[in-house]
Amino acid sequence: RAGEGTAPHPGVSGFAWTTGACPPPGSPALRVAFRWVWSTTDLLNWTLEATVSPSVVSWETNDTARECWATDAAQRDDGETFFYLSVGPKQIGVVSGPTARGPFSDPIGKALVPEGLVPSYSRDPCVFREGDDYYLIWGTFSYYVAKLDGSLAALAEAPRPVVIRNQEHRDDKPFVHRANGLYYLSWGCFYAVSNSSVYGPYDYVGSFIDAAKLENTTFASGGGTADR
């Protein structure tokens, strides 16, 4: 849920980890003092494992690392963890730690996805693992995907646009998972499916929420924005 800066990442080292951020009392909207790392073994009971200060993003100079956009994380088999952060609404950074509990530091000292790399706001990253390969997916209204190199702190290739055939709604925070041999790309409450690869192309399917059954139907329509 990008509005609260949360991004669930299940299946990490026997836990379901979530990274999250919410504005502390008295803070301006979309401003955070830190981000949280929680763990659970049953998706019902949660334990706060660590906090991540925005100041760990060493290259950021305009305090945009405190803005509350979505995040995601990846973990190697040895436990080393990479936390992908929206740094403001237009670029993505990465910090890493020896475990999901940290401590975290900035491994590259610059943006992983800088502003202007693609013709879309670069925020709300999703990281998708398939075998030994990791992919980063991101974008606002139009989405991009690129394989990460072996360091997990750099792109191994130029970003590729994600093609969604017959798409009817748009939003930010794309997310990819795989089930039963199919790749599912979701955004907001909408989704598309590919039988090819994480790169797509994807075919738009629809919404997994029936807006007619929601008390606040603007949620299912993307907050009332016409193109969502």
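Because the structure is predicted, anything quoted here is derived from the model rather than measured.
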Are [X] and [Y] close enough that some pair of their side-chain heavy atoms sits under 4.5 Å apart?
| X | Y | value |
| --- | --- | --- |
| Asp171 | Lys173 | no |
| Thr140 | Arg123 | yes |
| Cys126 | Pro174 | no |
| Glu80 | Pro98 | no |
| Leu117 | Leu155 | yes |
| Thr51 | Arg35 | no |
| Pro89 | Trp69 | yes |
| Tyr202 | Tyr183 | yes |

Where does the angle between the aromatic ring planes of [X] and [Y] fall among parallel (under 30°), tilted (30 to 60°) and perpendicular (over 60°)?
| X | Y | answer |
| --- | --- | --- |
| Tyr84 | Phe82 | parallel |
| Tyr135 | Tyr199 | perpendicular |
| His177 | Tyr184 | parallel |

Donor-acceptor contact below 3.5 Å, side chain [X] vs main chain [Y]:
| X | Y | result |
| --- | --- | --- |
| Ser86 | Ile92 | no |
| Asp124 | Asp172 | no |
| Ser120 | Gly139 | no |

Please tell me whether [X] and [Y] have a donor and an acceptor in their side chains that are separated by less than 3.5 angstrom.
| X | Y | answer |
| --- | --- | --- |
| Ser58 | Asp106 | yes |
| Ser122 | Trp138 | yes |
| Ser53 | Ser55 | yes |
| Thr40 | Asp42 | yes |

ask   = Can you check side-chain contact (heavy atoms from CB on, under 4.5 Å) on Phe83 and Phe104, steps first, answer last?
value = CA-CA 8 Å; Phe83 188 16; Phe104 290 95; 4.1 Å; yes

Rounded distance [0.5 Å steps], [atom1] in [X] versus [atom2] in [Y]:
| X | Y | atom1 | atom2 | value |
| --- | --- | --- | --- | --- |
| Ser194 | Asp203 | OG | CG | 7.5 Å |
| Gln91 | Glu115 | CD | CD | 6.0 Å |
| Trp187 | Phe141 | CH2 | CZ | 13.0 Å |
| His169 | Cys189 | NE2 | SG | 8.0 Å |

request  = State plainly whether the residues Lys147 and Glu157 are in salt-bridge range, i.e. N to O under 4.0 Å.
outcome  =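 Salt bridge between Lys147 and Glu157, a charged N being under 4.0 Å from a carboxylate O: no.
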
salt_bridge(Asp77, Arg129) N-O dist < 4.0 Å =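 Yes, charged N to carboxylate O under 4.0 Å.
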
[Y] reachable from [X] in the ILVMFWY side-chain graph, under 4.5 Å edges:
| X | Y | result |
| --- | --- | --- |
| Tyr144 | Val163 | no |
| Val94 | Val118 | yes |
| Leu136 | Tyr121 | no |

query = Taking all non-hydrogen atoms of both residues, which atom of Pro125 and which atom of Ala70 are closest, and how far apart?
reply =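 Answer, listing the atom of Pro125 first, then Ala70: CD-O, 3.6 Å.
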
request  = Looking only at non-hydrogen atoms, find the nearest pair between Phe190 and Tyr204 and report the distance.
outcome  =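 Scanning both residues completely, I find the closest heavy atoms to be CD2-OH, 3.5 Å.
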
task = Identify the residue among Asp72, Val127, Leu185, Ile137 that makes a side chain to side chain contact (heavy atoms under 4.5 Å, CB included) with Phe175.
result =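 Only match with Phe175 under side chain to side chain contact (heavy atoms under 4.5 Å, CB included): Asp72.
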
query = Is Asp78 atom CG crowded by more than 12 heavy atoms from other residues, nucleotides or ligands, each under 6.0 Å away?
reply =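 Buried by this count: over 12 neighbours within 6.0 Å.
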
message = Between Gln75 and Thr81, is the side-chain hydrogen bond (donor to acceptor under 3.5 Å, both in side chains) condition met? List the steps.
response = CA-CA 4 Å; Gln75 191 174 63; Thr81 301; 3.0 Å; yes

